[in-house]
Structures are given as structure tokens and as C-alpha cells.
Amino acid sequence: MEERYNPKEVEPKWQKHWEDKNLYKAIADDPRKKFYCLEMFPYPSGRIHMGHVRNYAIGDVIARYKRMQGYNVLHPMGWDSFGMPAENAAIKHGVHPSKWTHENISYMKKQLRQLGLSYDWDREVTTCSPEYYKWNQWFFIKMLEKDLAYRKTSFVNWCPSCTTVLANEQVIDTKCWRCDSIVIQKELEQWFLKITHYAEELLSACDELKGWPEKVVLMQKNWIGKSIGVEVDFRIDGMNKSIKIFTTRQDTLFGATFLCLSPNHPLSAKLITDKTELEKITTKYSQTDEKLGLFTGHYCINPMNNEKVPIYIANFVLMEYGTGAIMSVPAHDQRDFDFAKKYELPIKVVIAPEDKNHELRAKSYELKEAYEDEGVLINSGQFDGIISDIAREKIAAYIEEKGLGKKVVNYKLRDWGISRQRYWGTPIPVIYCDKCGAVPVPEKDLPVILPEDVKFTGIGGSPLLEAESFINTTCPKCAGKARRETDTMDTFVDSSWYFIAYCFQKNSISFDPSLLTPNSSLKYWMPVDQYIGGVEHAVLHLLYSRFFTRVIRDLGIIKESEPFTNLLTQGMVIKDGAKMSKSKGNVVDPDYLIEKYGSDTSRLFSLFAAPPEKDLDWSDKGVEGAYRFLNRIWHIIHKNQTSLRDSKAISPNITDLADISESGRRLLRKTHQTIKKVTSDIEREYHFNTAIAALMELLNELGGFEAGDKNDWSVFRFAVENMLLLLFPFTPHIAEELWNALGNPSGISGHHWPEWNEEIANEEEIELVIQINGKIKSKLMIIRGLSDEEIKKLVFQDQKTKEAIGQKSIRKTIIVKGKLINIVIGE
RNA sequence: GCCGGAGUGGCGGAAUUGGUAGACGCAAGGGACUUAAAAUCCCUCGUCAGCAAUGAUGUACCGGUUCGAGUCCGGUCUCCGGCACCA
């Protein structure tokens, strides 16, 4: 055994050993219980960052721990390898996106190997490979067949200078993130996936996501945004037309003093004669800086009270939500209130705060702002005097009865627009024929291969628009001349089902029904038991995955509705008070860390500095502390190697401690306590930081240990072996090396997780805290398991306690078993 | 604005069901070893008073419940995250 701990030598050695022995290969055909442990796969941007190190260290601890617990573990890794950075690199440096991506993958794969992560690389997926994206196209076609994919015209963010659509997150402060041009809303025909079909199911199933952080579930619920209300038709005065509005506040219907249409509402263009005015307001659509209105010159009839109310066009009314038209109740909605003040429209109070005398209140009610709370109805005809929530029921019923409208449920969730005017993505498998329209590519012709031979100029939109040999094709229906779709899919499609792809061996994905037997690996491994990743995906990726899982379920491929049983969202890695970023200059490079301290130290610090769900404050000094800890373990074993080798570990369940010294007994007890503590900390929401702290305590105990006779060395060896076993999931290389140095014939990898003996873990004596009126006055060592009477007897003999009580009367004593006694005394 | 979460030493963080606040680590100070330094090892380390034993005080702030509150309840402040004209 080397005297010095040298991770550079130890780590590659064991990485090679594990790989040679194929230890982490997962095989579905196994009687053990399965455990599918998954971390979010990375975008191959070039090199891994500390966020990855943290994410994958957490996942690896769980995977290794579960293996030791006897589970058959699936722990895969892959690459989310379509996306804009590759294309931007092509434009900027002239490297083909494919070359750039594959070079990044091979470098990052090397980095992940260096971290000693226990992946089954035989299941690696690369989303930019045709073998993978073929299935994106296949799912798309299946969704077309089931009416879950469709094409429609909608408004999108458009950069006039780059001539392409931008995703919402690529629009920064109304400007293009790349060229700073003002982004405009442009109407484009796009492909959509009908996620709203599952809106209700995605929402109600949220309550079954017991293994997810509440925060994430809540974000999903809010994103889906269910609201219950009514649609009401307002007849246009003097026209044989009506306007349908949606409201959740039908209790305020009598207070509707005007109506607003979205500028994009089909009726807007019909009601407005001055098109330039309409154009003006359309360009300001959905911009939050100011509310703009335009009177149409037309009026509606409020169906509740037959009052004539003006129709406006307002830039803040969204076409995408509800019906694209609203009733405006300025007295009870702040936006309408502001609008009414600006355009001098009437304000009519119909809800009064629910006080003692509401009628009196109503008269003296001078509005300075809208009253948005609930209350009692006034000025509302037959509904006067009714409380808001009951009035909502009654008015909804009245509307349905009179045929004025109906109860409806609305969701904020919109269908998912997946078309991207980008090259580096999955081609949408559709062919446009002048005669047959949009025709899906037949299944047998999949995959539609993304052509490699294209030019990257960065101007004029997607390079595919110029790829004649790709575009020109024949119609699958009529065999006539036709053109291919040149848009590619949003890369979130790729990541919406990759966890299913891992259930197959590399490049053998197939959803052919004949391969989906009841014992198929897909059925065996799904769902993911533990998913780990950044909270930034709380809505998008996780919601899309839940949607895809349901589609795949409805295709009869899997039974599960939910892909991820348990979810852990790890916090960010922070340094000097900010997220690590190049612009802040606070980036820690994993390569540098591994070079200087090794991957065990890098992993250990990432796990020790904070519990996984919290942000982690990076500290270079803290890393040194982690390194010091591993060095101390190395040295204590090195120093005692002869005695350790000459001894056999004491049996874990030994109860006769007669031949063991006091020091040995203490160490034995501490060891059992540590096994218990580490196990329960891992079980308790993966609190690795306290588990590692417990191991540090055990090491401190080992440092102070002085062996008496031979049995003591057996205890010492027992403590050391268990420390290594407990350490293995966190820092596998050093654990394996030292385990080997002890002369153990078989590797630590296959060893089972240790168990503790409660009997031995329990202290023989406990320190009893003595409180007088809740304040600590004394402490007393007593034997465990005494009766209350015996405890009291001892406590009242205690000198300090006697002094503290003095002549005062004892009113009450409270005893907390094994911990404390509180004596309540009088004056 | 709405919805969440969090506030504990010089710092990261412990305290699991209401029962010893500050585990573990970092930093700092002192000591040992060394010609010296690094490394390592040992000791001290919330604040105030005291030579000390010890006492008082302390978990953002104010109040409450309780024998007992970092933990529960009500209110206030600050910070972080999400959503944001969703009618």
C-alpha cells in the first residue's frame, strides 16, 4: 500500500476495473426488484460544468446505494444533442453541427467516465442520430392519426433580421437575443401537438405525484391553470351577430359597462372601418407597458339587464385564452377600471363588501380602485342580496336556462407549437402536395434523414430551405411532384420520451407490437423510480414528458401514465453569491478539480456542502476540507495496515462484549450508530450532507482509538470496513482501493449494504438534562431504561438540582424518556 | 400584483415527532513537531460579564399557545424562486 493518497493513480485503475468487469450493465431478466435511476441527460455543449457534477454525483450515490441494497438497477446516460448552439457554431466557425456535436459528446463522455459514474453505456442514446429521431417522427405520425397533431396559423415571435421564429425564452426584453432587433408578432402556419387534450388529466393526476416536490407540482398546476366560469353571448345592437365572452366572475355581469375584443379577434376587422387604427393597436398587442383601446362605434346588449354597452378593441385582451373577448366590469376589475378611467366609460358597482349594512355601504361607496374581492350583490336585479359564490352558481344556472350561454372550463395551457425554422433538429415528416395537401410520410419511409450537405450562412432562415434534393420529392398518395416540410421539431420533443428509449439496448428501439411482450424490457423497467435534475425544467420538460407518456400509453405501448415516480430537483451551484457563468468569471472547471484533487473529492464536496435540493455555495477551501478527509482515511489505514491485515473483523451481531476494552466498545457502538445514521439520512430524502458528517465523526472516533488487545483490533477492522462500505456510494474509488488494501479477496462493488444492531447502537448510559421551569440547571449520567420513579429519585439527590429548587414547592415534573426531566416549581 | 420557499455563529450548514441550539466542515486564534516553512497532530472558538467556576443572553422582528418553541399560531420586515394583463 502506498503511503500517500494519490487519486490520479487510484481512480483510473478502478474505473478500468469496473468497465472491464461490466459491472453496471443492466439486464431486465432478473428476479431482483428493479430500480430505475435517471438523471437528466445533458446538452453536449462542449464540456461538463459543476451543475452536471452535482447532478450526476447525486444520481450515482443513489444508483450505487440501491445496488448494495440488492436492487437490479438501471442507470443510463445519453445526449440531448439537437439544438441551436450546434447550428450557431456552424454559422460562426464553419464546423458542421454534426461534427461539433459528436466531438463534444466524446469529450464529455470522457469527463463523465473520469467521475466514476456507474452508467450502463450500452444504452446510451444520442437524440441527433437517425436511429433515435426516427421515433420522434413515428410518434408524430401516430399523433397525426389520432388527431393529436395538427397544423394551424398562429402568432409567433419573429426576428425580421434573422428571418426566423424565436422561442419565447429567446426573446429578451422584446429584442432578439442574437441581433438585438425588435421582435415582431408574425402569423405563421405551425405544427402543434394537442397537449390540451390531456389538460384535465395532467392536472388531476398532479395529486398523485406523491414523490415529487410540492413546489414542482404546484408550478405544474399553475401552468395548466384551470378556471371554471361561463361563456355568455352578447348580441350586437343592430346586427345579426353576437360576441361570446368568457368570465369567471358572472356574479359581476350586471356591472359590465363595456366589452373588449382582442385586436386579433375575427370580428375586430369587421367592426372597424379605419384599418390603420386597427393596425396601430395590433402592433401593441399583448404589450404590457400601456392599455390601449379603440371604440368600434358599435354596441352590445348586456343580456342580464338589456343595457346598451359600447364595444372596444383593447390590446390587452388575449386571443389565445377564452374566447378572445371579455366583458369589462370596471368596478370590480382593476384592468377594466384603469381602462374605463382612461376612456371615460361608466363604472357601475354591483358588489358591496359584506359588512353589517351593505345597502348603506353601497351608497357611500366611492371607488378609487376596483373592488375585486367577493361580497354581496347589489344593482343586480333578482340577484340582489346574494353572496358572490352563491350568486355565481345561480347566475350560471340562469344563463343556461335562458340559453344565453353555458358553463365552461378554461385552461391556461396552450397546445405545444413544435415547428422550428432551424436546421439542427428532427425533420417533421410531412410532404406537401398541391393536389393532396399535407400528407404524412408513410411509416415504412422513416426516418426522414436530415441532409448533411447544406450551407450555414446565418441569414435567410433555415439551411433546409436551400436543400433542393431534400425538399423535392413525390407525394406518397398520388406520386405527383411534392415538397417536404422544411421545419424541424422543437428539441423538447426529443427529451419527452428518452427515458423510454433507455429501456432498450443501444440502437434497438422498436415499438413494433410483436416486440412488446408482457415480459419486455420496457414493461420491466418503466416507470423511472428516481429522476434527478434541475428545477429549471419544473414545467416544460416535465410536463411534456408527462404528456408524451400518456400518448404512448394510449398507443398501447406502456401501462403507466406517469413517467417519474420520484423526482428530486437539485439546487444550483453558486459561487460568490451568483450562479456560475462565464460573464461573471466565477466558473469552476471540473477538469481542473479532477486534476488537482481527483473525482472522489469533487463528488464528496458536491454532496457534503448542502442538501441536494438546496443551492450549493461553492468554496475552494471546502473542497480542500473534503480532500483532507479522504487523506485522513488513507493515513489511518496506512498507519495501521499491519494490525488491520492480521485481524478479522468482529462479527456484526456479537453481543458478548466482555473481551473488548472500553475504548473498543465505544468504537463498536459508534460504528453501529454510524451505519444507522448514514442509512436513515439517505432514506430520508437523500440527505447526503449529514450522512457524510456522520462518517467524519466516525473517522474522528477512529483517530482517537487506542487498541488494547487482539479483540480491539477486530473491532477496529470492523469499524474501518464499515466506514468504507458506507463511503462507497459517495467516493467509490478510494473505498474500493482501501478495501482491497485490507486484503479483502472480493471487490467492494458487489458487497451488500451493512446493517446495524440496535442493541449495540444504543448507549449504555445517557445524559439526562435537568430543567427547572424549562431552564437547564444540571445534567446527570444515568443508566438507560430506568423507571420514572428511579429517575426522580436520582435527580432529587443531585446537588445542583437541590440548590436550584431550594425551598420552593414542586408543582409538576415532566419526564421525556431517555432525554430530560423538567421540574416545575412554585414561588 | 398573485402563488410558493427561506431567514440559525465570521462562513456553508446540523437540530428527523415541540424536549440539551450551533453536529460536521470551513475560516480564525493558540500550541506541538521542524533550523525554517508546508503538511500533520492537539487545544480554543455565538454574544456579554468574569482570572475562573459560573451567570445572563441568543435561531430576522413583535406578540401568543405550552411545563418547555429554531420547530406550532397571529402579525411585521427582508431575501430568493415561479407566474404575470389568463378576464
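Letters A, B, ... are given to chains in the order of the sequence lines, protein chains preceding strands, and every chain is numbered from 1.
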[X] [atom1] to [N] [atom2], straight-line distance once rounded to whole Å:
X: Ile682(A); N: rU16(B); atom1: CD1; atom2: P; value: 19 Å
X: Lys800(A); N: rA53(B); atom1: NZ; atom2: P; value: 11 Å
X: Met572(A); N: rG12(B); atom1: CE; atom2: P; value: 15 Å

Searching all strands shown, indicate the nucleotide that pairs with [N] (Watson-Crick or G-U wobble; both distances under 3.5 Å).
N: rU35(B); answer: none
N: rG70(B); answer: none
N: rU54(B); answer: rA49(B)
N: rA87(B); answer: none
N: rU17(B); answer: none
N: rC79(B); answer: rG5(B)
N: rC24(B); answer: rG12(B)

Same-atom distance ([atom1]) from [N] to [M], integer angstrom:
N: rG64(B); M: rU59(B); atom1: P; value: 15 Å
N: rG22(B); M: rC45(B); atom1: C1'; value: 12 Å
N: rA36(B); M: rA49(B); atom1: C1'; value: 42 Å
N: rC61(B); M: rA39(B); atom1: P; value: 39 Å
N: rG4(B); M: rG74(B); atom1: P; value: 13 Å
N: rG50(B); M: rU35(B); atom1: P; value: 42 Å
N: rA60(B); M: rG12(B); atom1: P; value: 14 Å
N: rA84(B); M: rC79(B); atom1: P; value: 23 Å

Answer with yes or no after comparing the ring centroid distance for Phe716(A) and Phe705(A) against a 6.0 Å cut-off, counting only values under it. yes

Please confirm whether Tyr544(A) and Trp416(A) have ring centers closer than 6.0 angstrom. yes

Could one point to a donor on the side chain of [X] or the base of [N] with an acceptor on the other under 3.5 Å away?
X: Lys819(A); N: rU20(B); result: no
X: Glu767(A); N: rU20(B); result: yes
X: Lys677(A); N: rU16(B); result: yes
X: Lys291(A); N: rC85(B); result: yes

Fit a plane to each ring of Phe339(A) and Tyr343(A), take the angle between them on a 0 to 90° scale, and name the class: parallel (under 30°), tilted (30 to 60°) or perpendicular (over 60°). tilted

Is there side-chain contact between Ser606(A) and Trp618(A), with heavy atoms separated by less than 4.5 Å? yes

For a 4.5 angstrom cut-off between non-hydrogen side-chain atoms, does Lys812(A) reach Ile825(A)? no

Using the closest heavy atom to pick a nucleotide of RNA chain B for each, name whichever of Met219(A) or His687(A) lands nearer the 5' end. His687(A)

I want to confirm an ordering. Mapping Trp223(A) and Lys412(A) to their closest nucleotides on RNA chain B, which one lands closer to the 5' end? Trp223(A)

Using O4'-C1'-N9-C4 for purines and O4'-C1'-N1-C2 for pyrimidines, with syn meaning within 90° of 0, is rG9(B) syn or anti? syn

Using the side chain to side chain contact (heavy atoms under 4.5 Å, CB included) rule, take Phe246(A) and Ile326(A) through it: C-alpha gap first, then chi angles, then the decisive distance, then the call. CA-CA 6 Å; Phe246(A) 170 74; Ile326(A) 58 163; over 6 Å; no

